[in-house]
Amino acid sequence: MSEGFDYLFFLEVLTGGLLSGVMYSLVAIGFVLIYKTSGVLNFAQGAMLLFAALTFVSLVERGVPFWLALVVTFAIMVLIGLMVERTVLRPLVNKPPITLFMATLGLSYVIEGSAQLLWGTQVHALDLGIEDIPFEFHGIFISQFDLFAAGSAALMVLLLTLFFRYTRVGLSFRAVADDQFAALAVGLRLPRIWATVWAAAGLVALVAGLLWGARSGVQFSLSLVVLKALPVLVLGGFDSIAGAIIGGLIIGASEKLAEVYIGDYVGGGIEGWFAYVLALVFLLIRPSGLFGQKLVERV
Amino acid sequence: MAILASETVTTLKHPDWAGPLAVLLAAFVLVPLFGSNYLIEAIMMPFLALSLAAVGLNLLTGYAGQVSLGSAAFMAVGAFAAFNFNLRIEGLPLVVSILLAGGVAAAVGIVFGLPSLRLKGFYLAVSTLAAQFFVQWALTKFGWFSNDNPSGVIDAPALSLLGIAFEGSLGRYYFALIIVTLLTTLAWRVATSQTGRNFVAVRDNETAARFIGVPVLKTKLLAFALSSFIIGVAGALWAFAYLRTVEPAGFNLDRSFQILFIVIIGGLATIRGAFLGAALIVVFPVVLSQVGTFLLGDLFDSGVLDMSQRIVLGALIIVFLILEPDGLAALAQRLWLRIGSRTRSLSEG
Amino acid sequence: MLDTHYTFSALDGSASFREFPSVNVQLPNRASRVQAPVALSLTPQPVLALDDVTLSFGGLTALAEISLSVNPGEIRAIIGPNGAGKSSLINIISGLYRPDTGFITLGGQVFRQVPASRAARLGLARTFQNLALFKGLTVLENVMAGLAFTRRSTFIGQAFGLPRARREDRDARERAHSILSFLKLEAHADRLAGSLPYGLQKRVEMARALVANPEILLLDEPMAGMTVTEKQEMAGFIRSVRDDYGTTIILIEHDIGVVMGLSDRIAVLDYGRKIADGTPAEVRADQAVIDAYLGVARHDDFEEGI
Amino acid sequence: MSNLLEIDAIHASYSETIKALSGVSIRVRDGEIVALLGSNGAGKSTTLKAVSNLLPAERGQVKSGSIVFDGRDVQRHSPAELVRAGLVQVLEGRHCFKSLSVEENLVSGALGRGSGRADIARDLDHVYATFPRLRDKRHTSAGLISGGEQQMTAIGRALMSRPRLLVLDEPSMGLAPMVIQDIFRALKKLNRDNGLSLLVAEQNSTVALQFADVATVIENGRTVLSGPAAELRDRADIKAFYLGESGSFSTDRPAA
Amino acid sequence: DEQYFPLQSYRVGPYAAGGTGFFGGFIDYMNLINTRDGGVNGVKLTWDECETQYEVERGVECYERQKSRAGAAAWNPLSVGIAYAMIDRISTDKVPLVTVNHGRTDSTDGRVFPYVFPLLLNPYSETSGIINYLASKEGGLEKLKGKKIVVLYHGSPYGKETIPIYELLAEKYGFTLQQIEVPHPGNEQQSQWLTIRRAKPDYVVLRGWGVMNPVALKTAQKVGFPVTKIVGNVWSNSEEDVIPAGDAAIGYTAITTQASGADYPIVKEIIANLYDKGQGNLEDKKRIGSVYHNLGIVNGILNVEAIRIAQEKFGKRTLTGDEVRWGFEHLKLDQAKVEALGAKDLFHSINVSWDNHEGEGYVTFQQWDGKKWNVVSDWIAPDWKLLRPIIEKSAEAYAKEKGLKLRTEADAEGAVN
Ligand SMILES: Nc1ncnc2c1ncn2[C@@H]1O[C@H](COP(=O)(O)OP(=O)(O)OP(=O)(O)O)[C@@H](O)[C@H]1O
Ligand SMILES: Nc1ncnc2c1ncn2[C@@H]1O[C@H](COP(=O)(O)OP(=O)(O)OP(=O)(O)O)[C@@H](O)[C@H]1O
Ligand SMILES: [Mg+2]
Ligand SMILES: [Mg+2]
């Protein structure tokens, strides 16, 4: 990098970063949904993603048509949501968040195990019919696939925002996350709310799982993409869908730029933690993320 | 929203001396006398190291209320620091290396504990992941830490304590046991002292704690330091007494979760819980796999069996959380009470 | 409302409040903090004064130009409708809020904001309106925690049981026990504070505040959620703390009967302004107070007049 | 009058270990106001939580006895179903949704019942009329308002679901005297005009006995006394112990 | 008599795909020996599996559990971490530890590591083999001068192990070298590949692991870097690495020690004897002859032949671990012998001695055509003269650190039972 600054390259890295960021956001949104209604980080989101992708790809490989497979998988995700509500959330109502968090960890074992038990441990290729081949745009290579992913993310955010804005469900979600005991007393149907939101999270997991699966193959490590989503959540705020998007873009872009421009000085491979440190620095300025709801406390 | 159980069954009271004494007796005498090599090598060693780590984490998460997902990083710091002290400082007794390593872990703990002064709940928890990933990266990246071993793996030196060599699996067992006993006693003393009460005060109500003159910032950092110290020593035991060789990847996020699991399943804010939880987490998968193979090995192929075990393990964790959110310690106490009342009613009736 | 007979009956436990001085605790020297002995002062120097304190949250003015003085050894009540700013006032005195304008004089020192972490050392103690107990500690430990600011020993000393730590611990324990028996909480000493019924929790808070032998005690609705009997008992405690130790007490309470019977002077707040300040008799007769707070309604009115 | 709520000899405990109730019986008839009296820790709150089937959420359990609301066995219905059936509770310690604004808190009360927008608007007006103070605070987070304002919010929230039986746990706690009067007056009016039945646990027995038709006293988890409020009001021992009106203080509890 | 193989297998968790293939092949081969030959000279082969999920401490637990059973022949964990944790233990217990294609490079030195056998290929030989292959494509080692090679490695000790060797070779042959790290697990490589494209290298060596491999191929495609210029190492060479990448992997080349495909006599025999009778270990028959499965079969051949050789010396009975060690140290399978075993062209040959525990390190290269791997090179040998001194130096340092005495040939000849 001795010659002058290569703007085109910078732009390319930036674009690539932003588009990767969208992929992170896709995963992060699933977390946000659950956090909004239970105040809990759902660690099983990664497992759900894996489950959805694996189910879909296995169905397709067994000759089920694309759209039918999509519908069936979604139906199964809804079923999982219902079961989780019944067997995990309902008995753990009004328990401290950390207990629920641990339960979601246990849940991730169950889901991962079932996924592999059902569909085997093989890796699969997933072809969504969208080429991941770049086209050139003013000297920058952009992949169709990334654009498609960005489009899906945008659509999902739009849907969820409308859902929260124009139904009263949003209010009950927030109430439940705030004080479960009071929510019970007020007569909110926690089971129904949770089942809904887990089904929605299942849908998000399906979309994210398909996109990530198409990129990296459908295999166990798909459940590791959650690690990419966590700093996004911290940065954007656990309970903000907009935050998940903005956070994803910021993390994606700065992580790539850091790897390319700073990585050399410390020997590279800093992407693994850079996002976390960035999020941390950010948090010190805004303790509940960019768009997260502030903790309300008074004496 | 407060992240911790508001009704943790605390056992800050003096426990009867009889219980711990019996346990120590069993650990020091019965296990070596009657335990097989398998029990000692494959069960007791990881049990001891993980228990100690959980004791450490419990000080931080259970008592002081700061959730950390980075415990494995501090274990790694402890292991690699002890390795380097021992390697690079000629003639330094091994125990001193290990204690210094604990000190290094404590220092790193303080650095990564600084965010706790501003962050709470899951925000803090996720921020401790920075420690997890950064430490692992640094240990892999800089060959110096592993004495430029091409595989980044460190090998354990021979164990000795006060000039006595601890050899063989029994020797290593005693080495670990002595250190665990001492540090647990220390942790228990701290937990039941004013410092421990300050931890709980900060956890339960920070504002009130500050107002009555608990130095909140100092207390939080002290919790991070103490906890990291103990976890660091546990890491050294894990590396030196148990596995005898470790690589940074051995201290990954799963390990952090495992320790947190132990703390939660055992019971927040109980020292006993750390041991009960560790016993469960260490023994459980082993029992599950042996029983599984024994009972169903002929029916299913091993892949199916292994997968089912993972499912069962996850399900059991959930069941435990549902049945006893206060942890095994509370469960044990309840059983104890029940047995007590039954014997009493028997003797009366 | 309270007869002396009752007040003393509350005190005839084995370890009474009177025995405090015999316990050797290293508290800041009380004598040096007290400005003037209660009995001697003719024009008492206030131990606490607020000057022109204003506090606002966003657009809302919670307190507007409040000035208030509190004399040593006085029981000073603050009353007013809900949301009038009473708790905010106490939060300012205890350093949890910083006023927009004005200052606080405490023990001769003038503050823009009282440093909350040094409040205990300045002789302040308080209870909280919405309970701020350490639920995971036992009652005894909660009370001992009230002495946290006096601790000099480090965690190392405590872990290894060095003499100073042991002495401090023993002293704190004895002191806490004597307070518990004074407040008739001995029976609950080893229960987790969080599992007690509400009323008892309030009393434990009071014990935690008292254990440091504070110069000024701030009580935010200490009797909410108690039966009349329990209130009477509590009032007895409050009075005897003042009588025996000259502790200055600032009291927020909605039970007018208790307030009138207990306090020396009463300040009345409404919408963040002080609308009256004087003796119980003066306040009771003040029309503004009646309109804003007391109302005219008495018992037996549920059936008619609605 | 038919029985709206019938609590029959319930025993309850927490975490399998802490016994909280050992024989509480209460009956609330349609259109009646019942006061539940008892000192600290007597088990009032536990009884009320049992009525709304909220005990399981606090690791509590009704061990024996029955609770029947309007023909339903309460223990077989979720709290949400009970709310829909008209049984609503105002919890001890307010339990407002701290991060929601006052108005959102109030609206959340209507969600349980599934009211339409117009209904909600009307009910909101009604609540604001009862508690004018809340109107000023409608956009403030409930976590930041004063203790009394929170109490009003909690009661308002319960009223939003148009209950048939309103269960109140110490509604007067932390309220200014005039507000207490206002609230009870408002409740009384609802009782008279709409036939709202009320079960109120109160420490402030003076007010409670004024207000209620019937009162039940529990001690150490047992019903010890029950009868028309007016009658209890006149009993000397009750007066001495709960109303603090007697000249001389006595530590003896009133005989059952 | 029975000879027992404790298997620390992994069929769950992130690396289950590789584990099922490898252990499937290994078990298939042992099964074949039992059913076809009635064991090795009448000695039945037995085994049991203990699940490790690729986790070190589970591996150790399995070791402690399984070692109590009599007649253990050798350990084959197929995991670097587990292998490392076992070195101390197997040295005390005197049972060989076989780390085919992986493990500690310096354990090749039998003077210091009597019981450890990184058979077929160690990381240094692999590196040398890859560079030799690239040279052959360019037309000779001297043609490498001035070329540019990028090594994209997994951010783990495994990935980093060969950094100094590449540097050494770069200096020796005069090519420019850039080594770029991909953080674990490697599901995001945008920045790395943009950097690569900008660097315009002649070749990229992919030293990947798990999900990193398909993502690398996909990302290369996305940034427009030709896949034909990418060469994978021995842990980036399986179907699991390319299938998920779909079309992006067509034309990708990778090193291997054993060819893939089911066309070899021994594989056919396994199909005929086992799978056709429903006794095969793989659930999915499509995976017969896959890279991991064939590696498992080759691994089976090596283990079984070591026993056979040891039996010649010690008698046709259950052998002790140390006797099997002797067998491994005399494991010489030349190409004729390999052919006799039905494995001609499946792997080249092996020639283990008391101080060289690797064999010969012959490798070949295979290219993915979207369906299967096709061999595209001859068998290539590494640069022994260059590597051996480095290995010895490292091993001697280890011996010094541990206070071990170097073994001599005479020490190696005897065996304890
Ligand atoms: N931290 C805060 N943030 C925003 N508003 C606040 C805060 N604290 C208090 N307020 C507002 O200031 C006003 C005064 O509150 P305060 O708690 O002092 O009232 P109070 O007199 O104690 O009432 P009550 O008798 O009901 O307890 C209230 O309207 C409240 O909403
Ligand atoms: N969540 C809980 N866990 C354990 N014990 C509890 C719990 N809630 C209440 N208790 C215990 O149950 C008993 C009855 O308590 P309850 O709260 O019902 O009394 P109360 O009459 O409402 O008292 P108060 O007037 O103080 O509110 C008490 O001994 C209390 O300590
Ligand atoms: Mg107040
Ligand atoms: Mg109550």
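The chains referred to below are lettered A, B, ... by the order of the sequence lines, with proteins before strands, and numbering in each begins at 1.
Contact count against chain C (heavy-atom pairs under 4.5 Å) is highest for D/G174 among D/S146, D/A42, D/G174, D/S45. Counting heavy-atom pairs closer than 4.5 Å to chain C, the top residue among D/G147, D/G41, D/G43, D/P177 is D/P177. Taking D/A176, D/G148, D/S172, D/G93 one by one and counting their heavy-atom pairs under 4.5 Å with chain C, the maximum is reached by D/A176.
The two atoms that bring D/R94 and C/N130 nearest to each other are NH1-OD1, 3.0 Å, heavy atoms only. For D/R133 against C/Y271, the heavy-atom pair with the smallest separation is NH1-CE2, 3.1 Å. The minimum heavy-atom distance between C/E230 and D/S39, with the atom names listed, is OE2-CB, 3.4 Å.
Within a 6.0 Å radius of CZ in D/R222, other residues, nucleotides and ligands contribute 12 heavy atoms or fewer. Surrounding NE2 of D/H126 are at most 12 heavy atoms belonging to other residues, nucleotides or ligands under 6.0 Å away. Other residues, nucleotides and ligands contribute over 12 non-hydrogen atoms within 6.0 Å of the CZ atom of D/R138.
For the residue pair D/N40 and C/R203, no side-chain donor N or O sits within less than 3.5 Å of a side-chain acceptor on the partner.
Within the 4.5 angstrom heavy-atom criterion, no atom of C/L131 approaches chain D. Interface remark: D/E92 contributes side-chain atoms only to the contact with chain C (heavy atom separation under 4.5 Å). Only the backbone of C/A292 comes within contact range of chain D, with at least one heavy atom under 4.5 Å from a heavy atom of that chain.
A heavy-atom distance below 4.5 Å is not found between the side chains of C/H254 and D/I180.
Residues passing the salt bridge (charged side-chain N to carboxylate O under 4.0 Å, His left out) test with C/E186, sequence neighbours excluded: none.
The backbone N or O of D/E149 lies less than 3.5 Å from no partner atom in the side chain of C/N82, so there is not a single donor-acceptor pair.
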